[in-house]
Visitor: 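Following this message is one structure expressed as structure tokens.
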Amino acid sequence: MTRWLRGEARSNSPGRILILGGGLMGLAIAHQLARRDQRVTVLSRRRSEAAGFVAAGMLAPHAEGLENALLHLGQLSLSRIASWVAQIEADSGLPCGLRSSGIVVPFHSADERDAYATAAFGDRLDREQLLQEVPGLDSQWKAGLLFVQDGQIDNRRQLMRALESACVDRGAQFQEGVEVLELFTADGRLSGVRTRNSEGSEATLGCERAVLCSGAWSGQLLPQLPVFPVKGQMLSLQSPRGALRRVIFGPGIYLVPREDGLVVVGATSERNAGFSEGLTPQGQTTLKQGIATLLPEAESWPPMERWWGFRPCTPDEGPLLGNSPIPGLLLACGHHRNGVLMAGATSELIADLACGTEPKQDLAALLSSFRWDRFQSR
Ligand code: GLY
């Protein structure tokens, strides 16, 4: 059981910042902190469960139809993506697979298209224009929106690896197979964590600053946080090279074509699955049927891989950012469907807060919208 304890923890590495979670958010924050010459240690329970390896990597605030503060955060993140990726690529020497492929959202009618939350940000397409963008699109789709500003990144095969390498290159330390069991406080502030490693040994690490970015598991360490898993099942297809140029984002199904012709297909959205692992016949059938409803010719493209993961969701589907109930512990979790998009802006914001630097005004202005306690009546 995980608990939040009051007590003493030895400060065995004064000044070091602990990153509680080795997924995309943890890596991105560790990287930004290491670039600012902070000493950081990333504690990762199980690398393979990180949502960063599971997501399709769409950079899609407009295609996803985000609204209000979430849209604004998504747009700020999108505007920072190129420079963020350039930092990672420079530090790691590895490509991240950023592609400005644009994203097409198809609709059954022009009315449906015009009512879409982000319609004002897209190019309106009729059926003929839609077919020019996505040859072979099923005949049920009569209208569309093209968001040329949205894109994608190859999170699963490239970004995560590049970030790990960039972190190490910048001096971040890693402990893989280490679970954080408890948080300690002293005089009302964070004072350390208790951990268990993969050999079963427990240890106490003292720290005055940490970032909680444990994805869908964040609420297990700090039960006040309303973070819960939304399971997603996915698969990939190998298309003929160049068969699909744009990302297609349909209702409940999307196809994301990588540079080498691999097409990532997502995703189920299972709110009642909890942390149940594995593929299910129903989930895989949903994806198969979804492919047919979007692009019938893709039904003949061979499947390459199938996988699943857990989105970290909150009641309003927005992240928890900034201060936590424990002074010294910052939050960067609950990004639901938009973690890849928002990792760049989140890491900049959290690194500023951890270092005591004033965040840029555009990001700082959003902090109140993403407080952890916004769901409680005040
Ligand atoms: N970002 C798409 C998804 O979570 O399925």
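Both ligands and their constituent atoms are indexed starting at 1 by order of listing.
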Visitor: Quick one: nearest non-hydrogen protein atom to atom 1 (N) of ligand 1, plus distance?
Guide: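 Scanning the protein heavy atoms, the shortest distance from atom 1 (N) of ligand 1 goes to Arg337 O, 2.7 Å.
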Visitor: Would you say Gln173 and Arg16 make side-chain contact, with heavy atoms under 4.5 Å?
Guide: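 Contact flag for Gln173/Arg16 side chains = yes.
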Visitor: Please confirm whether Glu64 approaches ligand 1 to less than 4.0 Å, judged on its heavy atoms.
Guide: yes
Visitor: Measuring from Trp308:CH2 to Thr280:OG1, what's the distance to the nearest 0.5 Å?
Guide: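 If I round to the nearest 0.5 Å, the distance is 11.0 Å.
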Visitor: With a 4.0 Å heavy-atom cut-off (strictly under), which part of His336 contacts ligand 1: side chain, backbone, both or neither?
Guide: neither
Visitor: Please indicate whether any nitrogen or oxygen in Asn338 is less than 3.5 Å from any nitrogen or oxygen in ligand 1.
Guide: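 Such a contact does not occur with ligand 1.
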Visitor: Suppose I only count heavy atoms of Ala267 and a 4.0 Å limit; which atoms of ligand 1 are within that range?
Guide: 5 (O)
Visitor: Would Arg113 count as a cation-pi partner of Trp141, with NZ or CZ less than 6.0 Å from the six-membered ring centre and within 45° of the ring normal?
Guide: no
Visitor: What residue and atom, counting heavy atoms only, is the protein's closest point to atom 4 (O) of ligand 1, and at what distance?
Guide: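 Result for atom 4 (O) of ligand 1: Arg311 NE, 2.7 Å.
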Visitor: Could you tell me how the ring of Phe121 sits relative to the ring of His62: parallel (under 30°), tilted (30 to 60°) or perpendicular (over 60°)?
Guide: tilted
Visitor: What protein heavy atom sits nearest atom 5 (O) of ligand 1, and how far away is it?
Guide: Tyr254 OH, 2.4 Å
Visitor: Angle between ring planes, Phe249 versus Tyr254, binned at 30° and 60°: parallel, tilted or perpendicular?
Guide: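 Taking Tyr254 first and then Phe249, their aromatic rings lie parallel (interplane angle under 30°).
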Visitor: Can you name the closest pair of heavy atoms from Leu137 and Leu295 and give their distance?
Guide: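 Scanning both residues completely, I find the closest heavy atoms to be N-CD1, 3.7 Å.
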